[in-house]
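What follows is one structure encoded as structure tokens, with my remarks underneath.
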Amino acid sequence: PYGPVRECGPVINFTGFTFGGNQGYPRHRGQDRYWLRDDLSYSYDAKGHHDLRTGGEFIYHTEMSANCTRCRSTYTATGRPTGLPTIPTPAQLQAWFPEPFSADTWNFNAINPWVTNFNIGIHKGRRVADRVNLAGLWLQDDWRLTSKLTVNLGVRWDVQTNAFANDGEVVPFMVPGRPNDWNNIAPRLGVAYAITDKTALRAGGGKYYAENITSQLLYALEYRSVVQVDVPNDGRADFANNPFNGPMPTYAQALQRFCAYNNNAAGCLQRATQELGPPRAYQNT
């Protein structure tokens, strides 16, 4: 088998039975975050007492994720070969995989009758850090109309750039240059009424926007460095040991084998995908 297959061992999915290593290996993660924030408070009297608070923040966030997804490869062995059981017998599995943690000892071609598909991630090279900027502005007025009644009026605005891998491209699914979401304006309203010195009635509500987790960004941009290839079993006796019937293609060569890149040429491959950035209409934080 190919380098990462023999070195670490692939995942093999039988019907109701799976074994193999972590499909996110090798992995390197790093994150840097710098936060700048300032607040201003001001009190004054105008038809009651006002405590006014305003401020803003800026977060410079970079994150690098070198996750070689499926570089160990995956065999889908859920076929139902004629005259054979749905899954091999325990004795067969023991004979074919004598050392579970040493793929050098495995007999891959023995599982050919069950294998329907081979999948592998082909790595281009080291990834660079991705940047996400976050900024927010807020204004709140705690307006004490009487000794018993206080009204809280507030509004907050947030933006998170590149939250959905906006410049990422996966042909034909993910189009680059999608705009950032700039209209996250969140009004807030609260009311507090002192019934007695020890009892108060409070109510409030508002609109809130969450920070998008970076996995949405990182998984989508993984396609810049890792391309996943699906190869259906073509019936060759050595398919499991030699799924490409020759050397494994490079990242650039693999792209040109995909139907979306070669105008659906005869024998083209479908690109395997995972999490992608959403279409423009659904990009909201």
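Quick caveat, the model's predicted, so the values are computed rather than measured.
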- Sole candidate of Asn109, Ile111, Val231 that passes side-chain contact (heavy atoms from CB on, under 4.5 Å) when paired with Phe239: Val231
- What's in the same ILVMFWY side-chain cluster as Tyr44, cut-off under 4.5 Å, chained through other members? Tyr42, Leu52, Leu137, Leu139, Val155, Trp157, Val159, Trp182, Ile185
- Query: Do Asp158 side-chain atoms and Gly136 backbone N/O form a donor-acceptor pair below 3.5 Å?
  - Reply: no
- Query: Does a side-chain heavy-atom distance below 4.5 Å link Asp104 with Trp106?
  - Reply: no
- CZ (Arg144) and NE2 (His50) are apart, to the nearest 0.5 Å, by 12.5 Å
- Task: Please name the pair of heavy atoms, one in Pro81 and one in Gly79, separated by the smallest distance, quoted to 0.1 Å.
- Result: CD-O, 3.3 Å
- Item | Summary of disulfide bond (SG atoms under 2.5 Å apart) pairs that have at least one residue in residues 180-265, sequence neighbours excluded | Cys259-Cys268
- What is the minimum heavy-atom distance between Ala110 and Pro113, and which atoms define it? O-CD, 3.5 Å
- Query: Who passes ring-ring contact (aromatic ring centres under 6.0 Å, His included) against Trp138, sequence neighbours left out?
  - Reply: none
- Query: Sequence neighbours excluded, which residues qualify as salt bridge (charged side-chain N to carboxylate O under 4.0 Å, His left out) partners of Asp197?
  - Reply: none
- Item | Heavy-atom check, side chain of Arg131 versus side chain of Asn133, under 4.5 Å | yes
- Check salt bridge (charged side-chain N to carboxylate O under 4.0 Å, His left out) between Asp51 and all other residues, then give those that pass, not counting sequence neighbours. none
- Message: Tell me every residue that passes side chain to side chain donor-acceptor pair (under 3.5 Å) with Asp142, counting only those two or more places apart in sequence or in another chain.
- Response: Arg53, Gln140, Asn152
- Message: If hydrophobic clusters are built by linking Ile, Leu, Val, Met, Phe, Trp and Tyr wherever their side-chain heavy atoms come under 4.5 Å apart, do Phe17 and Ile12 end up in the same one?
- Response: yes
- Task: Might you point out which heavy atoms bring Gly9 and Ala103 nearest each other, and give the distance in Å?
- Result: CA-CB, 3.7 Å
- Got more than 12 heavy atoms from elsewhere within 6.0 Å of NZ, Lys207? no
- Query: For Val151 and Leu189, what are the C-alpha separation, side-chain angles and deciding distance, and is it a side chain to side chain contact (heavy atoms under 4.5 Å, CB included)?
  - Reply: CA-CA 8 Å; Val151 176; Leu189 173 64; 4.1 Å; yes
- Okay, side chain of Thr62, backbone of Ala129: is any donor-acceptor separation there less than 3.5 Å? no
- Task: Using a cut-off of 6.0 Å, state whether more than 12 heavy atoms not belonging to Tyr219 lie near its atom OH.
- Result: no
- Report the residues that fulfil side-chain contact (heavy atoms from CB on, under 4.5 Å) with Ala220, sequence neighbours left out, ordered by chain and then residue number. Ala165, Met174
N/O donor to acceptor pairs below 3.5 angstrom from side-chain atoms of residues 83-97, sequence neighbours left out:
unit_1 : atom_1 : unit_2 : atom_2 : d
Thr86  : OG1    : Arg80  : NH1    : 3.3
Thr89  : OG1    : Gln92  : N      : 3.2
Thr89  : OG1    : Gln92  : OE1    : 3.3
Gln92  : OE1    : Thr89  : N      : 2.9

- Item | Residues which pass salt bridge (charged side-chain N to carboxylate O under 4.0 Å, His left out) with Asp234, listed by chain and number, not counting sequence neighbours | Arg236
- May I ask you to check whether Asp230 and Asn117 show a side-chain donor-acceptor distance below 3.5 Å? yes
- Message: Under 4.0 Å between a side-chain nitrogen and a carboxylate oxygen: does that hold for Glu57 and Arg33?
- Response: no
- Side chains of Val191 and Leu149: closer than 4.5 Å at any heavy-atom pair? yes
- Query: Any side-chain heavy atom of Phe118 sitting closer than 4.5 Å to one from Pro10?
  - Reply: no
- dist Asp181:CG -> Tyr209:OH (nearest 0.5 Å) comes out at 7.0 Å
- Mind running side chain to side chain contact (heavy atoms under 4.5 Å, CB included) on Ile120 and Met248 for me, showing each step along the way? CA-CA 10 Å; Ile120 193 169; Met248 184 173 70; 3.6 Å; yes
- Can the ring centroids of Tyr34 and Phe58 be said to lie less than 6.0 angstrom from one another? no
- Side chain Thr105, main chain Ser102, donor-acceptor under 3.5 Å: yes
- Query: Quick one: does Tyr251's side chain get under 4.5 Å of Leu255's, heavy atoms only?
  - Reply: yes
- Partners of Gln31 by side chain to side chain donor-acceptor pair (under 3.5 Å), sequence neighbours excluded? Glu63
- Query: Between CG of Asn233 and CG of Asn112, what distance do you get to the nearest 0.5 Å?
  - Reply: 5.5 Å
- Query: Is a side-chain donor-acceptor pair under 3.5 Å present for Asn119 with Thr74?
  - Reply: no
- Query: Is any side-chain heavy atom of Ile122 less than 4.5 Å from a side-chain heavy atom of Val226?
  - Reply: no
- Separation of Arg257 CZ from Phe244 CZ (nearest 0.5 Å): 6.0 Å
- Query: Hey, any chance Val170 and Leu217 share a hydrophobic cluster, counting ILVMFWY side chains that come within less than 4.5 Å of each other, even indirectly?
  - Reply: no
- Item | N/O donor-acceptor pair under 3.5 Å between Asn162 side chain and Val132 backbone | no
- Item | Intermediate values then yes/no, side chain to side chain contact (heavy atoms under 4.5 Å, CB included), Phe164 and Asn212 | CA-CA 8 Å; Phe164 298 101; Asn212 197 29; 3.4 Å; yes
- Message: Using the salt bridge (charged side-chain N to carboxylate O under 4.0 Å, His left out) criterion, which residues pair with Glu169? Sequence neighbours excluded.
- Response: none
- Side-chain contact test, heavy atoms from C-beta onward, threshold under 4.5 Å: evaluate it for Leu40 versus Asp38 and give yes or no. no
- Output, in order, the C-alpha distance, side-chain angles, deciding distance and verdict of side chain to side chain contact (heavy atoms under 4.5 Å, CB included) for Lys148 and Ile195. CA-CA 7 Å; Lys148 292 183 174 292; Ile195 301 175; over 6 Å; no
- Message: Give me each pair satisfying disulfide bond (SG atoms under 2.5 Å apart) with a member in residues 16-66, each pair once, sequence neighbours excluded.
- Response: none
- Query: Are any side-chain N or O atoms of Asp238 and backbone N or O atoms of Asn241, one a donor and one an acceptor, separated by less than 3.5 Å?
  - Reply: no
- Message: Let me confirm one number: the NE2-OG1 distance from His123 to Thr250, rounded to the nearest 0.5 Å.
- Response: 13.5 Å
- Message: Quick one, Thr18 with Asn13, criterion side-chain hydrogen bond (donor to acceptor under 3.5 Å, both in side chains). Give me CA distance, side-chain angles, the key distance, then yes/no.
- Response: CA-CA 4 Å; Thr18 296; Asn13 294 323; 3.0 Å; yes
- Message: With a 4.5 Å cut-off on side-chain heavy-atom distances among I, L, V, M, F, W and Y, is there a chain of contacts connecting Val115 to Phe19?
- Response: yes
- Message: Is any side-chain heavy atom of Arg202 closer than 4.5 Å to one of Tyr193?
- Response: no
- Query: So how far is it from Trp114 CH2 to Tyr75 OH, rounded to the nearest 0.5 Å?
  - Reply: 15.0 Å
